[in-house]
Amino acid sequence: MAKCGGKSSAGARAPSSWRKYPGGGADAPGAEPPHRRQPQPAPPSCPTPPFPLGQTQRLTPTLEGPLMRLSRYFLPVLKETPAEAQIASHRLMLRAGMIKQQQAGIYSWLPMGFKVLRRIEQIVHEEQARAGHLAIQMPTLQSADLWRESGRYDGYGEEMLRITDRQGRDMLYSPTAEEMVTDIFRAHVSSYKQLPLTLYQIQWKFRDEIRPRFGVMRGREFLMKDGYNFDLSKEDALHAYNRHLVSYLRTYERMGLQAIPMRADSGPIGGDYTHEFLVLAETGESEVFYDSEITDLTFGDREIDYDDVAQCQSVLEEFTSRYARTDETHDEAAFNEVPEERRRVARGIEVGQIFYFGTQYSEALGASVQTPDGSKVPVHMGSHGIGVSRLVGALIEANHDDKGIIWPEGVTPFHVGIVNLKQGDVSCDSACEALYRAFLDHGLDPLYDDREERAGAKFATMDLIGLPWRITVGPRGIAANKVELTCRRTGESEEMPAEEAVEKIVGIYEGL
RNA sequence: CGGAGCGUAGCGCAGCCUGGUAGCGCACCUGCUUCGGGAGCAGGGGGUCGGAGGUUCGAAUCCUCUCGCUCCGACCA
């Protein structure tokens, strides 16, 4: 995204264009339809669809249904830790068979890792839709000419991967997309009446880092949600800025993460108009300084009207009123005004960033609109990024123990693991099958460990891959009509009838 | 880009210094036993020793070049 000088920040990547957003992704169940301008009254005689809307986009059974049995799945777990992995998330992602490194900073995503990536994407899409933003998809390969127009082709430096095609045309693998989205805008928008507009995509990016490390946390190829707002005035653009801050708070919280907005380095632009979102973690790359009161703030289930300027402003003020800065912008004097017992110095992982940068690109690329008085003005813009692939690493950094990953319910690749302790035993097998089908019927993703393995191996695998809930089915319990429900995070177990366990798990996920 | 290190079976490693035609653990395959926290025994399959060139009767081992990866620093979503 675009600090003005051309360096950018924010980031992560997401799987690409073929990924399906059933029902349009945006209107996920529970998400209000995106009313960007005026609410549209429903067409009077809209026929009732033959199936309940929203249901089709629940999970992905069509893609993976038959493969949720571990015996048929592809989950290449490792007992030993590959030598190159230094930090917990990298180690655990390799051991849990989520990723495979292909080159320095470039990874393949194996089924379970890819599933987590898609869960994160789904949340991002739903929250973007809620804020009224529109999903698009731009190419990863872009023409150098567009970047010459903005002046960034020569300015960007070695981080940009430059490619030449067979005709000798200069191209590049996009590290960010201000130029291209502005090109789209200028081609199709010419009136203030078409504003405000916010377009975003979830797309793979490439930055040729000198030294990739920490697995997907600092790769060269990464999946990122990058969004761009177009507004008539600075005032409107600052509302877009606030709106993004609010929607980002919601987005991270749904993933089970606390990401603290911190005043960031705005580069040559100056001003307060950029915030980074940091997840506190020992392995974070940034040193952060904050008032401990900031970590008590949660978004909760408060109602937000994203068109309400005052409300978005007040949320921003609430979440940015305490001292919270990275080492880039740290101000020792201001920090010292925080009561000593509340001063915290820690480390954080940057999982997102928002900017307002004004008319830098709209002027360079000629993106302007006509105002009511007939004059032509360049639009005010901002850009915003969420590091989707990086978030997978950050989530694990923030949620693991010595046995493995502990997924928050919001992003877990499978909602529940079913462990059959005695494969081949008729009563155990049928109890597991019944559980498995019951979860599928409720729209949940179960992972059924039906392998011919010993109990210890199955437990170790479940602990490693970190599903939040495990149901253990053994001959002992089945004789008493009981299964065991275990919480991965606390390790607590409880015996209960299978139906009750299903009910409990379903209840937990319905409450999300 | 500066400094350091490593490439030997899918993974983790030994062998290299002191050249003699490759080994261990895990994983994998077969059988038997075992079966609520990564089982035991027996048998078995799998390796252009990153690549190229050189020295030598002979190179995983010595020399040169090269490619890849990792770590520290600088940098960074």
Side-chain angles (χ1 to χ4, degrees), chain A residues 1-3 7-14 76-87 90-91 94-95 97 100-106 156-160 174-176 203-226 259 264-265 274 276-279 284-286 326-328 348-355 383-391 393-394 403-404 419-425 428 449 451-465 470 472-478 483-484 486 491 493 495:
Chain A
M1 332 257 27
K3 293 179 185 178
K7 294 243 173 159
S8 66
S9 41
R13 13 25 206 289
V77 300
L78 304 174
K79 212 181 258 188
E80 288 169 289
T81 301
E84 73 268 17
Q86 300 298 307
I87 63 171
H90 191 193
R91 209 162 51 229
L94 291 168
R95 284 197 55 211
K100 181 191 183 306
Q101 180 169 333
Q102 303 291 168
Q103 288 177 69
I106 300 179
Y156 210 94
E158 297 295 308
E159 269 195 353
M160 181 149 69
S174 168
T176 176
Q203 178 64 292
W204 292 94
K205 305 289 192 297
F206 195 93
R207 286 182 194 153
D208 198 1
E209 296 284 346
I210 296 167
R211 190 185 162 206
R213 62 185 118 171
F214 305 148
V216 300
M217 299 248 289
R218 173 106 180 265
R220 292 194 293 169
E221 189 184 40
F222 55 93
L223 189 65
M224 174 164 112
K225 172 263 168 184
D226 51 321
D265 183 4
T274 179
E276 290 179 336
F277 290 78
L278 278 292
V279 172
E285 288 192 88
S286 316
T326 66
D327 45 10
E328 284 182 333
I349 301 166
E350 193 196 327
V351 294
Q353 187 161 8
I354 56 176
F355 296 91
S383 64
H384 337 89
I386 292 179
V388 176
S389 52
R390 168 177 279 198
L391 269 167
K403 289 192 262 183
V419 170
N420 188 345
L421 288 182
K422 194 165 186 184
Q423 207 66 44
D425 175 275
C428 286
D449 189 347
R451 296 172 303 164
E452 298 284 351
E453 286 287 347
R454 299 161 60 85
K458 292 190 176 192
F459 290 147
T461 298
M462 281 294 171
D463 288 343
L464 173 63
I465 68 176
R470 183 184 86 204
T472 308
V473 177
R476 237 162 43 200
I478 285 301
V483 299
E484 183 185 65
T486 305
S493 287
E495 297 214 332

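Throughout, a chain's letter reflects where its sequence line sits, starting with A, and its residues are numbered from 1.
Taking a pair to require two hydrogen-bonding distances under 3.5 Å in either a Watson-Crick or a G-U wobble arrangement, B:rA59 remains unpaired. Pair assignment for B:rC24: B:rG12, on the basis of Watson-Crick or G-U wobble contacts that are both within less than 3.5 Å. Applying the Watson-Crick and G-U wobble criteria (two distances, each under 3.5 Å), B:rG5 pairs with B:rC69.
Looking at A:Thr461, its side chain comes within 3.5 Å of the base of B:rG38 through a donor and an acceptor atom. Between the side chain of A:Arg213 and the base of B:rU70, no donor-acceptor pair under 3.5 Å is found. Taking only distance into account, the side chain of A:Arg91 never meets the base of B:rG12 through a donor-acceptor pair shorter than 3.5 Å. In terms of polar N and O atoms assigned as donor or acceptor, the side chain of A:Glu484 comes within less than 3.5 Å of the base of B:rG36 in a complementary pairing. Side-chain atoms of A:Glu453 and base atoms of B:rG38 include no donor and acceptor less than 3.5 Å apart. Interface remark: the A:Arg451 side chain does not form any donor-acceptor pair with the B:rG38 base, using a distance-only criterion of under 3.5 Å. Scanning atom types as modelled, one donor and one acceptor separated by under 3.5 angstrom connect the side chain of A:Arg218 and the base of B:rC76.
The residue A:Gln86 sits close only to the backbone: its heavy atoms come under 4.0 Å of sugar-phosphate atoms, none of a base. A:Glu84 comes within contact range of the sugar-phosphate backbone alone, with a heavy-atom separation under 4.0 Å but no base atom that close. Among the atoms of the strands shown, base atoms are found under 4.0 Å from some heavy atom of A:Ala460.
As a whole-Å value, the separation of A:Asp327 CG from B:rA74 P is 11 Å.
In this structure, A:Glu209 and A:Arg454 both approach RNA chain B, and ranking their closest nucleotides by distance from the 5' end singles out A:Arg454.
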